[in-house]
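Right, one structure below, let's go through it.
Model, not experiment: these values are computed from the prediction.
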Amino acid sequence: IQMTRKKEYLIVFLFFFAFIFAFLIVTGTITSGWHLVDDHEYVEYVLQMKAPDGSLFSCMKNVLRADFTSRFRPLYYILRVAFTAVIGSNLVAWSLIKAAETVLALFFLYLCARQFKCSIFQAILFSLTVMVGPQAVVWWKLGPQECTGILFFAAGPYLLNKWLYHEAGLPAKLGSIFLFLCMSLYKESFLVLISFILVYIVYVRCQGQRFSLPGILKAIRSEWDLLLILGTIMAAELCIIIFFVGTNNVSY
């Protein structure tokens, strides 16, 4: 039976939605309360913002300054503190947000697999392989950055492929740059993936021609602006980590 692309995407999204939420509800994870692993920070932020001299921005500044002494993940804490200002320390709400991120990560991984000509079954299996197993702890733990980082990483190549294969215009190109920037600012380990993206762009642009040094140089020239922007992002963040954050602490 032939399905339209829109119907296929809807069915797959609902499958992932039902799979994740059913699992988390049945296991009681969403309503399990405090884990005292990272989620206690919400109370800390609420107290800081409610202090007589406290505010959203003062709390955000304090948190970023403290984290910057050992790690480089500014977007993680910006979003974490901003969301705390809205929903406070309501762990059910935080758990629902984490579950929704997981569903979206699975769905965008599926979309990427379909772009690479995988069948529906293969694409679903690929998504589950990435997200299911011991790594599924990121579905319910409210501190790890991997789930959101994977969402950024999966959505980025999806838009990038739209641009590289001429299925969409400049908005897709700019959107992929924005998502890769968010990915690299969310957790340091995702920064390394930009190097893969750079090679991938050149690889795609080399398709259809002889693989040689002139062909590689031609591919680089065809996407020089995209490669330059992403390369600059990676180089700048690496310099910040090496020269300002430091690499001799426990995190690195």
Side-chain angles (χ1 to χ4, degrees), residues 37-42 44-45 48-49 53-85 101 105 130 135 137-138 141-157 159-160 163-164 173-205 213 216-217 219-252:
V37 181
D38 297 315
D39 50 12
H40 64 281
E41 292 178 344
Y42 302 133
E44 177 186 341
Y45 305 153
Q48 284 192 41
M49 285 185 274
D53 59 343
S55 67
L56 168 62
F57 295 106
S58 66
C59 176
M60 195 174 291
K61 183 175 68 173
N62 292 336
V63 171
L64 287 172
R65 183 188 295 125
D67 192 59
F68 195 69
T69 61
S70 61
R71 300 285 300 272
F72 182 73
R73 44 184 180 173
L75 184 59
Y76 168 66
Y77 273 115
I78 288 172
L79 293 178
R80 195 166 171 84
V81 174
F83 273 99
T84 302
E101 286 181 357
V130 173
Q135 65 270 35
V137 68
V138 300
K141 291 187 77 171
L142 303 178
Q145 299 97 52
E146 279 73 17
C147 194
T148 312
I150 289 173
L151 173 56
F152 285 136
F153 179 62
L159 291 182
L160 179 63
W163 164 259
L164 294 177
K173 180 180 181 179
L174 297 177
S176 67
I177 294 173
F178 175 74
L179 288 167
F180 291 136
L181 175 62
C182 291
M183 173 193 75
S184 65
L185 293 173
Y186 208 78
K187 188 175 184 180
E188 312 91 333
S189 55
F190 287 98
L191 169 62
V192 183
L193 292 174
I194 293 181
S195 59
F196 159 73
I197 296 298
L198 295 174
V199 175
Y200 174 72
I201 292 169
V202 176
Y203 167 76
V204 172
R205 284 292 179 248
L213 181 58
I216 293 173
L217 293 176
I220 292 173
R221 286 194 297 270
S222 69
E223 293 291 352
W224 69 269
D225 55 340
L226 181 57
L227 294 170
L228 179 62
I229 292 171
L230 293 176
T232 301
I233 289 172
M234 183 173 68
E237 293 182 16
L238 284 173
C239 286
I240 292 172
I241 291 172
I242 294 171
F243 296 110
F244 295 95
V245 178
T247 59
N248 60 346
N249 52 59
V250 65
S251 297
Y252 294 145

- [ ] Evaluate the criterion side chain to side chain contact (heavy atoms under 4.5 Å, CB included) for residue pair K173 and D225; output intermediate values, then yes/no.
- [x] CA-CA 11 Å; K173 180 180 181 179; D225 55 340; 2.7 Å; yes
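- Using a 4.5 Å heavy-atom threshold, the side chains of V138 and I150 count as separate.
- Under the 3.5 Å distance criterion, the side-chain polar atoms of E223 are left unmatched by any main-chain donor or acceptor of R221.
- Note that CD1 of I177 and SG of C182 are 12.0 Å apart. Values are rounded to the nearest 0.5 Å.
- Counting only heavy atoms from C-beta outward, the side chains of F152 and L193 never approach each other to under 4.5 Å.
- Atom-to-atom distance recorded for L227:CG and S222:OG is 7.5 Å, nearest 0.5 angstrom.
- Applying the salt bridge (charged side-chain N to carboxylate O under 4.0 Å, His left out) criterion to D67, with sequence neighbours excluded, gives R73.
- Side-chain contact between K187 and Y76 is absent, with no heavy atoms from C-beta onward closer than 4.5 Å.
- Here the side chains of Y186 and F153 are not in contact, with every heavy-atom distance at 4.5 Å or above.
- Annotation for I78 and M60: closest pair O-CE, 3.6 Å, computed over non-hydrogen atoms.
- The distance from atom OH of Y77 to atom OH of Y45, rounded to the nearest 0.5 Å, is 4.5 Å.
- In this structure, the side chains of F68 and F244 come closer than 4.5 Å at one or more pairs of heavy atoms.
- Counting only distance, with no hydrogens or angles, the side chain of R71 and the backbone of E188 share no donor-acceptor pair below 3.5 Å.
- Counting heavy atoms from C-beta outward, M49 and T84 have side chains that approach closer than 4.5 Å.
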Worksheet item: Given S184 and M234, is the side chain to side chain contact (heavy atoms under 4.5 Å, CB included) satisfied, shown in steps?
Response: CA-CA 8 Å; S184 65; M234 183 173 68; over 6 Å; no
Between L159 and F178, is the side chain to side chain contact (heavy atoms under 4.5 Å, CB included) condition met? List the steps.
CA-CA 10 Å; L159 291 182; F178 175 74; over 6 Å; no
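- Here the straight-line distance linking atom CG of L174 with atom CH2 of W163 works out to 8.5 Å at 0.5 Å rounding.
- Residues P74 and L64 approach most closely at O-CD2, 3.6 Å, considering heavy atoms.
- Using a 4.5 Å heavy-atom threshold, the side chains of L160 and L226 count as touching.
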*Check the pair D38 / L142 against side chain to side chain contact (heavy atoms under 4.5 Å, CB included), numbers first and verdict last.*
CA-CA 7 Å; D38 297 315; L142 303 178; over 6 Å; no
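- Side-chain contact check for R80 versus E41: some heavy-atom pair is nearer than 4.5 Å.
- Atoms CG and CD1, from L185 and I233 in turn, are 8.0 Å apart once rounded to the nearest 0.5 Å.
- The structure places OG1 of T148 at 3.0 Å from CD of E101, a figure rounded to the nearest 0.5 Å.
- Across all non-hydrogen atoms, the minimal contact from A105 to A154 is O-CB, 4.4 Å.
- Heavy-atom contacts from other residues, nucleotides or ligands closer than 6.0 Å to OH of Y200 number more than 12.
- Heavy atoms only, all atoms of each residue included: S176 and G156 are closest at CB-O, 3.5 Å.
- The shortest non-hydrogen separation linking V81 to C59 is CG1-SG, 3.9 Å.
- Nearest approach of A85 to L56, heavy atoms of both residues: CB-CD1, 3.9 Å.
- Q135 places a side-chain N or O within 3.5 Å of a backbone atom of V130 that can act as its donor or acceptor partner.
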